[in-house]
Amino acid sequence: GAGVSQSPSNKVTEKGKDVELRCDPISGHTALYWYRQSLGQGLEFLIYFQGNSAPDKSGLPSDRFSAERTGGSVSTLTIQRTQQEDSAVYLCASSRTVGRADEQFFGPGTRLTVL
Amino acid sequence: KNQVEQSPQSLIILEGKNCTLQCNYTVSPFSNLRWYKQDTGRGPVSLTIMTFSENTKSNGRYTATLDADTKQSSLHITASQLSDSASYICEITSGTYKYIFGTGTRLKVLA
């Protein structure tokens, strides 16, 4: 595809359930980023990948959050034992490389609602 | 603490009018500054990027300015259109990959 895609677009789950969010970056982009956008808050950095490795996981809010990337392409963000405070829009972005001037291209996001 | 503050929080203007959005930051080290436009239900899209040494950058009707001494940036929108209604987000890149975002200004353009 031409852009970054994310699925599902919307996810409603019950507290305590696990959820898995998927991101398909632009083909050829080696860098991939996950962000969380809560109402009235700026984008919160969660994790980034350079290829399949994640050099910086410091943005993950708790050990219930994990992410992986396989084949240098698709990435999944998993939230275990979801809590109501996890409700937010989860955005994925990709860029050609990890570099200060490289533009990030964002997907449309997954809106997660935890009841 | 690295922070990016934007003002106003929201703004309503009439079609055809100009407006200016503000971004103040306390981020170090500073690599570059981007302004993004985010339509409802979509991801942000980059409008401009400026490095430390640049003080103005234009993209059509959008003009961004940067004063690295006072750590202030502005985004000026000329001759606004209905399609400009969106959130505008200021982002500072710190180092190689640290991206720090403001909370955005929500702009509404009325006919």
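Within every chain, numbering begins at 1; the chains are lettered A, B, ... in the order of the sequence lines, protein sequences first and strands thereafter.
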Query raised in the report: Does a donor on one side chain sit under 3.5 Å from an acceptor on the other, for B/T51 and B/N32?
Result: no
Query raised in the report: Can you say whether A/L91 sits under 4.5 Å from chain B via the side chain, the backbone, both, or neither, judging by heavy atoms?
Result: side chain
Query raised in the report: Which region of A/S38, side chain (C-beta onward) or backbone (N, CA, C, O), has a non-hydrogen atom less than 4.5 Å from a non-hydrogen atom of chain B, or is it both or neither?
Result: neither
Query raised in the report: Does any heavy atom of chain B fall under 4.5 Å from the side chain of A/Q37, the backbone, both, or neither of them?
Result: side chain
Query raised in the report: Counting only heavy atoms not in A/R96, do more than 12 fall under 6.0 Å of its CZ?
Result: no
Query raised in the report: Taking C-beta and beyond as the side chain, do A/L112 and A/T13 meet within less than 4.5 Å on heavy atoms?
Result: yes
Query raised in the report: Where on B/Q38 is there a heavy atom nearer than 4.5 Å to chain A: the side chain, the backbone, both, or neither?
Result: side chain
Query raised in the report: Just checking, any donor-acceptor pair under 3.5 angstrom between side chains of B/S73 and B/W35?
Result: yes
**Report entry** Minimum heavy-atom distance A/S75-A/E68, with the two atoms named
**Finding:** OG-O, 2.9 Å
Requested in this report: Under 4.5 Å, counting heavy-atom pairs only, tell me which of A/Y35, A/F45, A/F105 racks up the most with chain B.
Outcome: A/Y35
